[in-house]
Engineer: 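There's a structure below that I have some questions on.
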Amino acid sequence: MTEVLAHYLSLLNEQQKQAVEHSGSPLLILAGAGSGKTRVITTKIAYLISEKGFKPWQILAVTFTKKAAKEMQDRAVQMEGQADQSMIRTFHSFGSWFLRKYYEEAGVAQNFTVYDDDDMVTLVSKANPGLEHKQATSAAHKISLAKDYCLLPDSPGLAEISSDPNFPDIYKNYQNRLRSTGNVDFGDLIMLPVLILQKFPQVKAQMSYRFKVIMVDEYQDSNIAQFKLLRELCSDGSDGNEPTYVCVVGDDDQSIYKFRGAEVQNILNFQDEFPGTTLIKLERNYRSTAKILNCADKVVSNNEDRLGKTLIADRGEGKKPVLTFLPNQDLEAKFCADLILGAHAKGVPFNDWAILYRTNAQSLSFESEFLHQKIPYAVIGSLKFYEREEIKDMLAFLSLCANPRDEISFRRIINKPTRSLGEKTQDKIVEEFRKNEVPENLIEVTRSLMPSMSKKAKEGAAQFISIMDQLIGELPYVEIQEEDLSEQALADETKTAEQKSLQTKIDSSKHLSDFVQKIMEITGLEEYHAAQDEIAKTQKVANMQELVNSAVLYEYSTKGLIEFIDHIELDRTMENEEDAGADTVTLITLHNTKGLEFPRVVITGLEAGIFPRQDKSGSELEEERRLFYVGITRAMDELYITSCSMRRLYGRTQMMEPSQFLAEAGSESFKVLGSKPASYEYKVAGSGLGNSLKPKGEWAVGTKIYHDDYGYGVVTKNFEREGEMVIFVQFESGGTKTFLPEYQKHSLMKVKD
DNA sequence: CCCGTCGTTATTTTT
DNA sequence: TAACGACGGG
């Protein structure tokens with residue numbers, strides 16, 4: 001064993017070590033939040049290579065985010081250099097690799113690109129001309145969901161997705177149209193490989209020959225299609241190949257993507273699906289202090305549908321989480337700002353902090369307050385760079401260069417800037433294109449249709465064709481060759497050397513960014529968007545320039561082009577590498593925090609209707625609860641939770657009730673600040689408050705009052721507790737609040753009738 | 001083709 | 001409230 005690996009092994013606890021060293025049967029690792037899951041997977045990869053005799057390319061590890069994949073690869077390579085040859089990818093990126101290899105079996109172009117949700121809607125509309133935009137959006141969404149469940153237009157289970165009798169046809173029309181573009185959508189990246197593996201035994205055999213180990217991270221968020229893919233990739237040994245070693249890692253308590261087709265049942269039933277499974281639980285938590293973990297545990301134990309495990313804190317008691325009731329969202333933002341600035345004055349960096357919220361819209365009040373108070377912040381995952389108009393325009397040119405059958409990209413840019421080629425002309429071209437049995441090329445069809453066009457359109461078409469000719473002729477063609485990692489090829493060093501020398505023939509003084517720059521210039525997009533910038537004071541040209549810059553890492557060839565497009569399509573999170581080290585507060589939705597940790601966390605908006613979102617019950621409510629659990633377990637040292645009694649929603653100010661999750665956490669979980677709403681008191685204390693309702697002082701029941709923050713109301717209860725007077729007030733705006741009048745002199749007053 | 005105005009509609013979204 | 005899409009007049 002290498003010294004490095006021995007060192008990393010020595011860092012593990014007993015369960016972690018067991019998980020790393022286990023072999024011989026399927027393995028399910030139930031890894032609680034902060035239990036060193038990534039450390040286990042990466043060490044296991046290194047261990048398999050260096051101790052168990054696996055070749056690195058026999059190992060496939062899949063994750064859900066590009067970031068996680070990158071981190072996993074980096075850390076594995078640190079321990080075992082050969083791990084750079086292991087395939088560590090996202091599910092979708094694996095699917096993309098697979099489909100480029102078996103593009104003929106899949107019936108797609110080898111140079112396919114991936115259509116996003118917007119493109120799907122457009123294609124649904126084109127394939128089903130009768131649909132209104134709204135219907136098309138809904139159908140596109142359902143098609144995605146169907147693919148997540150691996151359902152085809154003729155699958156009986158499709159009725160579960162949509163009861164609309166037309167839906168199967170809509171789906172079928174869409175599929176036909178999609179296939180004629182040669183492209184795929186996100187769902188296809190998983191579903192098509194499953195279908196191919198089921199249909200072609202030799203492909204299945206090749207895969208089980210290639211991959212001897214398959215590991216899946218965040219398994220609780222896998223969907224049915226991904227489960228099927230895993231199933232198909234695994235050999236049970238009956239095909240003559242050795243059985244595949246399967247190891248999945250996940251936490252059923254952190255399953256938060258049901259709405260996107262994720263199926264917790266995958267992890268709950270894993271042991272039934274893979275007989276003989278060994279189960280290892282990682283319950284020691286290295287991230288959070290005990291009081292934070294207790295709170296998390298209290299919350300999630302309200303769920304029924306779980307395997308059940310208890311996290312054990314490794315870091316001592318720590319501070320009790322603080323629950324603060326605030327009057328409204330502006331004061332909530334101010335409260336956060338004060339916390340952060342107060343800590344900053346004592347030397348706590350902004351970096352330590354994350355503000356978590358349920359919906360993106362909630363970031364606004366924090367942004368304006370932080371701007372005002374000069375607190376640096378970064379909003380994670382909001383306005384998506386790649387969804388901006390100018391970027392999509394550029395990408396459309398890039399995609400059309402890669403795959404000239406791409407109808408959606410073609411339509412997007414043929415008339416932008418305007419070249420008198422409106423929708424009618426486009427329809428004509430696409431119709432002609434689709435007539436041909438053998439896949440045609442949209443540019444060539446346009447060329448061939450020029451004689452039949454009006455004079456104006458003809459000029460525009462000539463211009464467009466000339467642009468495309470220049471671009472397509474520009475890049476040197478390089479075969480997208482599968483890196484040949486069979487044992488033979490790797491053993492044959494001469495061949496490897498040959499391959500290397502072949503690679504170096506590419507003009508390395510040029511980068512793909514030169515090509516992207518050229519697109520900007522010769523297509524007229526730069527002028528077009530510069531004009532828009534003038535009018536609307538936008539940053540479109542600057543954004544385009546940023547896209548150019550990001551292409552600098554890619555080869556100046558058709559291969560580099562495909563890799564660049566893949567990179568963008570399979571990772572839409574625009575995390576600026578430069579900004580990564582900056583000292584900023586993180587503003588982030590709860591969903592986006594998965595896998596992250598922060599020393600200090602504020603979970604905001606714990607109000608009924610916001611979190612949990614209204615109309616949630618049963619399993620959906622359990623998912624919301626898990627989301628809260630995920631949020632709580634992000635915190636290392638300090639956890640703050642806020643709840644407002646009023647909130648502006650859709651332009652209307654509403655009274656809010658505290659989230660039921662607060663009461664579920666129990667009264668011991670938090671130190672409570674701010675005036676507690678009556679309903680919270682009731683639920684937490686289990687009442688007992690109603691005992692001493694003796695009218696006292698001037699605050700008799702029935703007294704009309706006015707409160708600065710909540711407006712007019714009536715005292716409904718009045719009693720004494722711990723020697724202090726407590727009143728309940730029912731406000732006209734609908735909510736009830738509890739006050740200690742002694743401390744509300746400045747904002748609470750009696751009013752005359 | 002461009003621009004203003006009106007009406008509609010508001011989750012979460014690794015890929 | 002605000003943001004975005006649809007529509008109609010210039």
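Remember, it's a predicted structure, so these values are computed and weren't measured experimentally. Just so it is clear: chains get the letters A, B, ... in the order the sequence lines come, proteins before strands, and each one is counted from 1.
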Engineer: Salt-bridged, A/Arg613 to A/Glu620, with N to O below 4.0 Å?
Structural biologist: no
Engineer: Select base, sugar-phosphate, or nothing to describe what A/Arg358 touches, counting heavy atoms under 4.0 Å on all strands.
Structural biologist: base
Engineer: Let me know the distance between CD1 of A/Ile588 and P of B/dT14, rounded to the nearest Å.
Structural biologist: 11 Å
Engineer: Which of the following nucleotides, B/dT15, C/dA6, B/dT12, is nearest to the side chain of A/Thr359?
Structural biologist: B/dT12
Engineer: Counting distance alone, no hydrogens or angles: does the base of C/dT1 have a donor or acceptor under 3.5 Å from a partner atom on the side chain of A/Arg648?
Structural biologist: no
Engineer: Please test A/Leu326 against A/Ser643 for side-chain contact (heavy atoms from CB on, under 4.5 Å), starting from the C-alpha separation and ending with a verdict.
Structural biologist: CA-CA 6 Å; A/Leu326 293 148; A/Ser643 175; over 6 Å; no
Engineer: If you check every side-chain atom of A/Thr589, which of B/dC1, B/dT13, B/dT9 has the closest atom?
Structural biologist: B/dT13
Engineer: What is the distance, rounded to the nearest whole Å, between atom CG of A/Leu356 and atom P of B/dT11?
Structural biologist: 19 Å
Engineer: Counting only side-chain nitrogens and oxygens, does A/Lys134 get under 4.0 Å of the OP1 or OP2 atom of B/dT9?
Structural biologist: yes
Engineer: For the pair A/Asp188 and A/Arg179, find out whether any cationic side-chain nitrogen is under 4.0 Å from an anionic carboxylate oxygen.
Structural biologist: yes
Engineer: Among the candidates B/dT12, B/dT15, B/dT14, find the nucleotide nearest to the side-chain atoms of A/Phe64.
Structural biologist: B/dT14
Engineer: Whole-Å distance between B/dA10 C1' and A/Arg647 CZ?
Structural biologist: 15 Å
Engineer: Does a side-chain N or O of A/Asn360 approach OP1 or OP2 of B/dT13 to a distance below 4.0 Å, or not?
Structural biologist: yes
Engineer: Please confirm whether the shortest side-chain N or O distance from A/Asn592 to OP1 or OP2 of B/dT12 is below 4.0 Å.
Structural biologist: no
Engineer: Picking from B/dT15, B/dT12, B/dT14, which would you name as closest to the side chain of A/Thr90?
Structural biologist: B/dT15
Engineer: When the nearest nucleotide of DNA chain B is assigned to A/Lys66 and to A/Tyr528 on a heavy-atom basis, which residue is associated with the more 5' position?
Structural biologist: A/Tyr528
Engineer: B/dT15 P sits how many Å from A/Leu229 CG, rounded?
Structural biologist: 17 Å
Engineer: Honestly, is A/Arg625 close enough over A/Phe661, meaning NZ or CZ under 6.0 Å from the six-membered ring centre and within 45° of the axis?
Structural biologist: no
Engineer: Can you find an N or O donor on one side and an acceptor on the other, under 3.5 Å apart, linking the side chain of A/Arg260 with the base of B/dT12?
Structural biologist: no
Engineer: Using a 4.0 Å heavy-atom cut-off across all strands, classify A/Phe91 as base, sugar-phosphate, or nothing.
Structural biologist: nothing
Engineer: In whole Å, what is the span from the CD atom of A/Gln362 to the C1' atom of B/dT12?
Structural biologist: 11 Å
Engineer: Send over the distance from A/Asp217 CG to B/dT15 P, rounded to a whole Å.
Structural biologist: 13 Å
Engineer: What do you reckon, do A/Phe259 and the base of B/dT12 stack, with centroid distance below 5.5 Å and planes below 30°?
Structural biologist: yes
Engineer: Charged N to carboxylate O below 4.0 Å: is that the case for A/Arg306 and A/Asp252?
Structural biologist: no
Engineer: Which listed nucleotide (B/dT14, B/dT15, B/dA10) is nearest to the side chain of A/Tyr650?
Structural biologist: B/dA10
Engineer: Between A/Arg626 (CZ) and B/dT11 (P), how many Å, whole number?
Structural biologist: 22 Å
Engineer: Taking the side chain as every heavy atom from C-beta outward, state whether A/Phe112 and A/Leu189 have any atom pair closer than 4.5 Å.
Structural biologist: yes
Engineer: Where each residue is assigned the nucleotide of DNA chain B containing its nearest heavy atom, which of A/Asn415 and A/Leu627 is assigned the position nearer the 5′ end?
Structural biologist: A/Asn415
